[in-house]
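Starting from 1, each residue takes its place in the sequence as its number.
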Amino acid sequence: MALTEQDIQRLAHLARIELTPEEAQVFGEQLSSVLEYAKQIEEVDTSSVQLSSHIDYLTDVFRADIPVDASLADESIAQFPQAAGRLNKVKAVME
């Protein structure tokens, strides 16, 4: 499935990215290749494969909602080098 320049520009607009004409051509070829591969996968006969909603049968594990002693948090805050009230102060990760 070959994508047109208009298809690529529409996808770029939806993804909120700006593409140069060269990038649009390269990404268009790559995306067309991916779509061709997906088309090949669609053609595989899966009629003998049993349907499943999940590959692993998981069960939910619930625990009792029991309040815990908050003094452990106070001990943790007390051991931290810098605190601001009941919060630990750390160096900024982002500006």
**Request:** State which residues pass side-chain hydrogen bond (donor to acceptor under 3.5 Å, both in side chains) with D7; sequence neighbours excluded, sorted by chain then number.
**Result:** T4
**Message:** Can you list, by chain and residue number, the hydrophobic cluster partners of Y37 when the side-chain cut-off is 4.5 Å?
**Reply:** I41
Only pairs under 3.5 Å count here: list side-chain donor-acceptor contacts from residues 12-21, not counting sequence neighbours, and write none if there are none.
from	atom 1	to	atom 2	distance (Å)
T20	OG1	E22	OE1	3.4
T20	OG1	E23	N	3.1
T20	OG1	E23	OE1	3.4

**Request:** Could you tell me the separation between the CG atom of L3 and the CZ atom of R10, rounded to the nearest 0.5 Å?
**Result:** 14.0 Å
**Item:** With sequence neighbours excluded, residues passing side chain to side chain contact (heavy atoms under 4.5 Å, CB included) with K91
**Value:** none
**Prompt:** Taking ILVMFWY side chains as joined if any heavy atoms are under 4.5 angstrom apart, and letting links pass through other members, which residues group with V93?
**Reply:** M94
**Message:** Applying side-chain hydrogen bond (donor to acceptor under 3.5 Å, both in side chains), can you list everything that pairs with S48, at least two apart in sequence or on another chain?
**Reply:** none
**Request:** Enter the distance from Q40:CD to E43:CD here, rounded to the nearest 0.5 Å.
**Result:** 7.0 Å
**Message:** Let me check something: do L35 and I8 share a hydrophobic cluster, defined by ILVMFWY side-chain heavy atoms less than 4.5 Å apart, either directly or through other members?
**Reply:** yes
**Message:** Q9: which residues meet the side chain to side chain contact (heavy atoms under 4.5 Å, CB included) condition with it, sequence neighbours left out?
**Reply:** E5, A24
**Message:** Quick one: does any side-chain atom of S33 pair with a main-chain N or O of E29 as donor and acceptor, under 3.5 Å?
**Reply:** no
**Asked** CD of Q6 to CG of L11: how many Å apart, nearest 0.5 Å?
**Response** 11.0 Å
**Fill in**
Sorted by chain and residue number, the side-chain hydrogen bond (donor to acceptor under 3.5 Å, both in side chains) partners of D65 (sequence neighbours excluded) come out as none
